[in-house]
Amino acid sequence: MRYDLVIFDNDGVLVDSEPLSNTILAAYLTELGHPTTYAESVRDYMGAAVHRVHDLVLERTGKRLPDEFDETFHARVFAAFERELTPVPGVLDILGKLTADGVPYCVASSGSHERIRVGHRKTGLGAWFHAENVFSAQDVGRGKPAPDLFLYAADRMDAAPARCAVIEDSPLGVAAARAAGMDVYGFTAMTPAATLAGASGLFDDMSDLADLLA
């Protein structure tokens, strides 16, 4: 492959978590008096760290979310993960190919380290990702769409940004990768291709990724 490092987003790319988490987020915001549909949650928050939820609600309503918001939201999400979470179809095959080809890879997620660990434990991805190749927005000052997380991951993995490929499924993630000077491939399984137009390439089936990276 022509890259020295492949950086995966987590939610929606490695684990099929976006439908679960956005359903829960929309319901919880609505419960708190901020009516939100599933489609609006996907549009506004998919691919973002949880602080974006606080920021947008405050900006739009002038009201702050309760202090226990993060704890309650994450507890509901983790419970749903334990019941229902599965890996994205085909992702184990691409991880196996990268390993066989000797191509380093990592995950760089807007989610917390705890969220990543819970999801990976449930789906079996913990066998492929360990402390040395797992990075979270918790590790940097700014989450996506800022480039900080991807640049941090590349630095920790000893790869030049121009030699990195990022796999993303959100407009915020695509913007972050482009700002980091990296190629980015947009996964359109649940994201409209038009919203990922800035990507270097688009694909809707994980089995097609290897050819894009070759």
Side-chain angles (χ1 to χ4, degrees), residues 1 5-28 38 41-42 45-50 70-101 103-139 143-144 149-150 153 156-157 165-170 172-174 176-177 184-191 196 203-210 212-213:
M1 292 185 181
L5 176 67
V6 178
I7 304 175
F8 290 92
D9 177 41
N10 188 57
D11 293 291
V13 172
L14 295 176
V15 296
D16 194 16
S17 55
E18 293 291 7
L20 293 174
S21 59
N22 281 285
T23 297
I24 291 166
L25 179 57
Y28 188 25
Y38 171 79
S41 181
V42 169
Y45 305 120
M46 183 172 161
V50 71
D70 291 12
E71 181 179 357
T72 300
F73 172 58
H74 288 139
R76 294 180 184 186
V77 168
F78 295 164
F81 281 6
E82 294 291 354
R83 293 191 306 267
E84 304 176 53
L85 190 64
T86 59
V88 167
V91 79
L92 296 178
D93 292 334
I94 188 64
L95 292 174
K97 178 169 178 52
L98 292 173
T99 300
D101 291 348
V103 179
Y105 60 86
C106 66
V107 58
S109 173
S110 292
S112 66
H113 279 285
E114 183 181 13
R115 179 183 175 117
I116 298 168
R117 284 194 301 271
V118 170
H120 286 191
R121 183 179 69 244
K122 169 64 177 175
T123 59
L125 286 168
W128 300 88
F129 293 93
H130 309 281
E132 62 270 17
N133 68 340
V134 173
F135 308 104
S136 161
Q138 287 181 311
D139 301 326
K144 305 169 189 177
L149 177 57
F150 289 139
R156 290 290 300 273
M157 297 292 292
V166 176
I167 316 305
E168 266 288 353
D169 69 333
S170 75
L172 293 175
V174 168
V184 54
Y185 296 94
F187 184 45
T188 61
M190 70 166 285
T191 309
L196 304 180
F203 67 107
D204 62 6
D205 190 312
M206 200 58 69
S207 64
D208 295 330
L209 179 56
L212 288 174
L213 297 175

Which residues satisfy the side-chain hydrogen bond (donor to acceptor under 3.5 Å, both in side chains) test with Thr99, sequence neighbours excluded? none
Might you work through the side chain to side chain contact (heavy atoms under 4.5 Å, CB included) test for Ser21 and Arg115, ending with a clear yes or no? CA-CA 11 Å; Ser21 59; Arg115 179 183 175 117; 3.3 Å; yes
Test side-chain contact (heavy atoms from CB on, under 4.5 Å) applied to Pro104 - qualifying residues, sequence neighbours left out: Leu5, Met157
Taking the side chain as everything from C-beta on, heavy atoms only, tell me whether Ile94 gets closer than 4.5 Å to Val6. no
Verdict with reasoning, Thr191 to Phe187, per side chain to side chain contact (heavy atoms under 4.5 Å, CB included): CA-CA 7 Å; Thr191 309; Phe187 184 45; over 6 Å; no
For Asp208, side-chain hydrogen bond (donor to acceptor under 3.5 Å, both in side chains) partners two or more places apart: none
Does Val88 form a side chain to side chain contact (heavy atoms under 4.5 Å, CB included) with Val13? I'd like the steps, not just the answer. CA-CA 6 Å; Val88 167; Val13 172; 5.7 Å; no
Spatial distance of atom CG (Leu20) from atom CG (Leu25) [nearest 0.5 Å]: 12.5 Å
At what distance, to the nearest 0.5 angstrom, does OG1 of Thr123 lie from CG of Leu92? 7.5 Å
Let me see the working for Phe203 and Ile167 under side chain to side chain contact (heavy atoms under 4.5 Å, CB included), right down to the final yes or no. CA-CA 10 Å; Phe203 67 107; Ile167 316 305; 3.8 Å; yes
With Phe8 via ring pair (Phe, Tyr, Trp, His ring centres under 6.0 Å) - residues at least two apart: none
Could you tell me which residues satisfy side-chain hydrogen bond (donor to acceptor under 3.5 Å, both in side chains) with Ser41, sequence neighbours excluded, listed by chain and number? Asn22
Tell me, please, which residues at least two apart from Ser110 pass side-chain contact (heavy atoms from CB on, under 4.5 Å). Ala49, Lys144
Only pairs at least two apart or in different chains count here, so list each side chain to side chain donor-acceptor pair (under 3.5 Å) that has a residue in residues 81-94. Glu82-Arg121
Given side chains that start at C-beta, do those of Glu18 and Asp169 come closer than 4.5 Å, heavy atoms only? yes
side-chain contact (heavy atoms from CB on, under 4.5 Å) partners for Arg117, two or more places apart: His113, Glu114
Parallel under 30°, tilted from 30 to 60°, perpendicular over 60°: which one fits the rings of His74 and Phe78? parallel
Which residues pass the ring pair (Phe, Tyr, Trp, His ring centres under 6.0 Å) test with Phe129, sequence neighbours left out? Tyr105, His120
Side chains of Asp11 and Ser17 only: does a donor on one sit below 3.5 Å from an acceptor on the other? yes
By ring pair (Phe, Tyr, Trp, His ring centres under 6.0 Å) - contacts of Phe135 (at least two apart): Tyr152
Drop me the distance from Thr72's OG1 to Ile24's CD1, to the nearest 0.5 angstrom. 12.0 Å
Under the side-chain hydrogen bond (donor to acceptor under 3.5 Å, both in side chains) test, which residues partner Ser136, sequence neighbours left out? none
Ala127: partners by side-chain contact (heavy atoms from CB on, under 4.5 Å), with sequence neighbours left out: none
Is there a donor-acceptor pair under 3.5 Å between the side chain of Ser109 and the backbone N or O of Asp9? no
